[in-house]
> 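Structure in structure tokens, see below.
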Amino acid sequence: MAKTASPSARKARATGRRSPLASVSLLVIGLLATGGAYAMFTTSATAETSSQVTSMVSQGQKLFAANCASCHGMNAQGSSAAPTLIGVGAASVDFQVGTGRMPAAATGPQIAKKAVQFTDSQIAALAAYVASLGPGPAIPEPQYLTGKGNVATGAELFRVNCAMCHNVAGAGGALTQGKYAPNLHSVSAKHIYEAMLTGPQSMPVFNDLNITPQDKANIISYLTYLNKNPSPGGLSLGDLGPVSEGLFVWIFALGSVVAITVWLTAKSN
Amino acid sequence: MADQGTGSGTDVEKYDAAVPTGTGIVTSDRIENPGFEPVRLRVSELDPKKDKANERRVALMFGLSMIGSAGAIAAYIIFPIVPGDPGSVRTNTFLLGLGLALGLFGIGFGAVHWAKSLMDGHDLVEFRHGTRGSDATRAKAAEVFHLGNKESGIGRRHLIRNTLIGALVFFPLPGIVVFRDLAPAADPNQLLKFTMWKKGTRLTKDPSGVPIKASDVTLGSVFHVIPDGLNDLPDKLEQKAKAAVLLMRLKPEDLHVSKGRESWNYQGIIAYSKICTHVGCPVALYEQQTHHLLCPCHQSTFDITHEAEVIFGPANRPLPQLPITIDSEGYLVAQSDFHEPVGPSFWERKH
């Protein structure tokens, strides 16, 4: 090419004239080159993102087959031991796996919180896979998880909707036949939101039409406030109310009354 | 009684005489009076140094009391209650209480230790004396009564005596009538039998009062419900205490609906009274998987799939069901009031 081009260039220089179309064609070539390069770059970027999603879903599928499929079925269709996961959404997976409840160690009245078994990226992959099976609740937006909503509204909603099981101070409580509502003190804002949205285990579902996302954020703010502020009444004794407080009084207050009485009536040495 | 007592007493004495000693029969169970314990001097009476040490201990207690009381004032000023900061309330009350306790217990412990270790410690006995007054006192008392009767003539003037008794009987009546009128003027029986639900009342969310569409209630959801318009009532809490409802959605095939109640649910959406039929606690611990509803007070458990039948605990009747349907705009509404009184039994309830 260069060899064939150079004699014609020399010829042009020798004549001392340029074709009148030269500058126009240069402009067209330049525009085409820039546009083409840009188009190529953006196309490759989209391809990269979608291939990333595909690789996350396929990584999630592999993780699912290795860790979850024995109970939930190879296609997440469920079995007699576990429910179907089609349509439970990414939020459900992020809650169950992110709090260590899944994979379950054993069946029982309730599957308890334990050490998390997967890394954050593995959890995200599992969530992406399950979300790809059918539409379901997504992982909540970070704007609702700041804990900076209206604490008073959150507290009222918590008392109406949550306190009967989780205790007004979020200390948890007993349900029937070995089941229980867990303590909420160390639960992250994201997991509280996801629990309301998906209703894990015995917990009912509080969808966005029942408690709006903003009200969920208010409830989270109330729980954040409880975590950050000590009980104004002194020792909270587990926030269990008359049971633990009564026990404390029986043992320590009555114990010291008995001790003082013994001392009062004993003869001095 | 006295005769019997002496009789049995002589019996024992007879046995005493008849049975030779050494057979193990206890002749009397009265404990011998052991008298006083031997006098034992306390260390502070024996050793002047210990006496001084105990004196200093008592003074130390009183001194601690002063420090405690002064400290309470100091803590109250140094750690004030900052509005909006519960932590400051906690510090303030804790230190104030600690100072006051030290102030009071310091005086108490000091006084007791003083009495026990330093004050004169001799033993003494004081016998009980009889309660009967002397004959002269009794005669004098009787004379006062006779004289009173004679001078006032109350035993003779029957008209005065009877009208006085009458006046005393009538005197407390206004009080009784006034106190009786503190009870609700309306017939409590009617108040207990009916709630503010009626045909067409919309079901709204507690506490916002936003009406609920049937499509909002997804499977596994639970809504805490109050009747539309409750928030505007002056006796809001009284009405809420009767009308509070729990709304749930189950798969229609999971519901066991009895005859006559087929139309009370709307496509598996059911509403039950939240007031326990045992003693009226709010029953709201709904388990999504088992469909059990637990009362937190006494663990009465209701099976929602079987029309809130009692499956555990002290409650005696199922929770009353609120018949619901939807209006033209798709909002959930009540078909009528509850078909039976909500909450615990009361006197006039027939079943």
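None of the values given here were measured: they were computed from a predicted structure. Quick note on labels: first sequence line is chain A, next is B, and so on, each numbered from 1.
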> Check whether more than 12 heavy atoms from other residues, nucleotides or ligands sit under 6.0 Å from atom CZ of Phe312(B), and answer yes or no.
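Result for CZ/Phe312(B): open.
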> Pick from Asp215(A), Leu209(A), Leu264(A): which one has the most heavy-atom pairs with chain B under 4.5 Å?
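Among Asp215(A), Leu209(A), Leu264(A), the one with the most close pairs to chain B is Leu209(A).
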> Could you state the interatomic distance from NZ (Lys267(A)) to CD (Glu37(B)), rounded to the nearest 0.5 Å?
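One finds 5.0 Å between NZ of Lys267(A) and CD of Glu37(B).
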> Enter the distance from Ser268(A):OG to Glu45(B):CD here, rounded to the nearest 0.5 Å.
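Going from OG on Ser268(A) over to CD on Glu45(B), the span is 9.0 Å.
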> Considering only heavy atoms, which portion of Asn229(A) lies under 4.5 Å from any heavy atom of chain B: side chain, backbone, both, or neither?
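Side chain only.
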> With a 4.5 angstrom heavy-atom cut-off, which part of Met203(A) approaches chain B: side chain, backbone, both or neither?
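Backbone of Met203(A) only, per the 4.5 Å heavy-atom cut-off to chain B.
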> About how many Å separate CD1 of Ile211(A) and NZ of Lys205(B), when rounded to the nearest 0.5 Å?
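The distance works out to 7.5 Å.
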> Report the distance from atom CG of Leu175(A) to atom OH of Tyr286(B), rounding to the nearest 0.5 Å.
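OH of Tyr286(B) is found 13.0 Å from CG of Leu175(A).
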> At what distance, to the nearest 0.5 angstrom, does CG of Leu294(B) lie from NZ of Lys179(A)?
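Nearest 0.5 Å value for the CG-NZ distance: 9.5 Å.
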> Assess the residue pair Thr290(B) and Gln177(A) against the criterion (side-chain contact (heavy atoms from CB on, under 4.5 Å)); give the C-alpha distance rounded to whole Å, side-chain angles, the decisive distance to 0.1 Å, and a yes or no.
CA-CA 11 Å; Thr290(B) 56; Gln177(A) 298 170 358; 5.8 Å; no
> Just wondering, more than 12 heavy atoms not from Lys114(A) lying within 6.0 Å of its NZ?
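Above 12, so yes.
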> In this structure, are over 12 heavy atoms from other groups packed under 6.0 Å from Phe105(B) atom CZ?
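Open: at most 12 neighbouring heavy atoms sit under 6.0 Å from CZ of Phe105(B).
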> So Phe206(A) and His224(B), would you call those rings parallel, tilted or perpendicular, with 30° and 60° as cut-offs?
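The rings of Phe206(A) and His224(B) lie parallel, inter-plane angle below 30°.
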> Does atom CZ (Phe252(A)) have a neighbourhood of more than 12 heavy atoms from anything else shown, all under 6.0 Å?
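Open.
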> Which one, Asn54(B), Val43(B), Val210(B), leads in non-hydrogen pairs under 4.5 Å with chain A?
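That would be Val43(B).
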> Among Asn210(A), Val160(A), Leu157(A), Thr153(A), who wins on heavy-atom pairs under 4.5 Å with chain B?
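Looking at each option in turn, the highest pair count goes to Asn210(A).
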> Any chance NZ of Lys148(A) has more than 12 other-residue heavy atoms, nucleotides or ligands included, within less than 6.0 Å?
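Incorrect, the count does not exceed 12.
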> Go through the atoms of Phe109(B) and report whether side chain, backbone, both or neither lie under 4.5 Å from a heavy atom of chain A.
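Contact with chain A is through both the backbone and side chain of Phe109(B).
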> Hey, does the side chain of Glu287(B) reach the backbone of Ser202(A) with a donor-acceptor pair shorter than 3.5 angstrom?
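Not at all, since once roles are kept as given, no pair shorter than 3.5 Å links the two residues.
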> Contact part of Leu219(B) toward chain A, heavy-atom cut-off under 4.5 Å: side chain, backbone, both or neither?
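Backbone only.
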> Please look at Ala181(A) and chain B and tell me whether the side chain, the backbone, both or neither of the residue comes under 4.5 angstrom of a heavy atom of that chain.
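Contact with chain B involves no heavy atom of Ala181(A) at all.
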> Of the backbone (N, CA, C, O) and the side chain (C-beta and beyond), which part of Arg40(B) lies under 4.5 Å from a heavy atom of chain A, both, or neither?
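When you check distances to chain A, only side chain atoms of Arg40(B) fall under 4.5 Å.
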> Check whether any side-chain N or O of Glu156(A) sits under 3.5 Å from a backbone N or O of Pro207(B) as a donor-acceptor pair, and report yes or no.
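No, Glu156(A) side chain to Pro207(B) backbone: no donor-acceptor pair under 3.5 Å.
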> If you count heavy-atom pairs under 4.5 Å between each of Thr301(B), Asp206(B), Val89(B) and chain A, which one has the most?
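Most heavy-atom pairs under 4.5 Å with chain A: Asp206(B).
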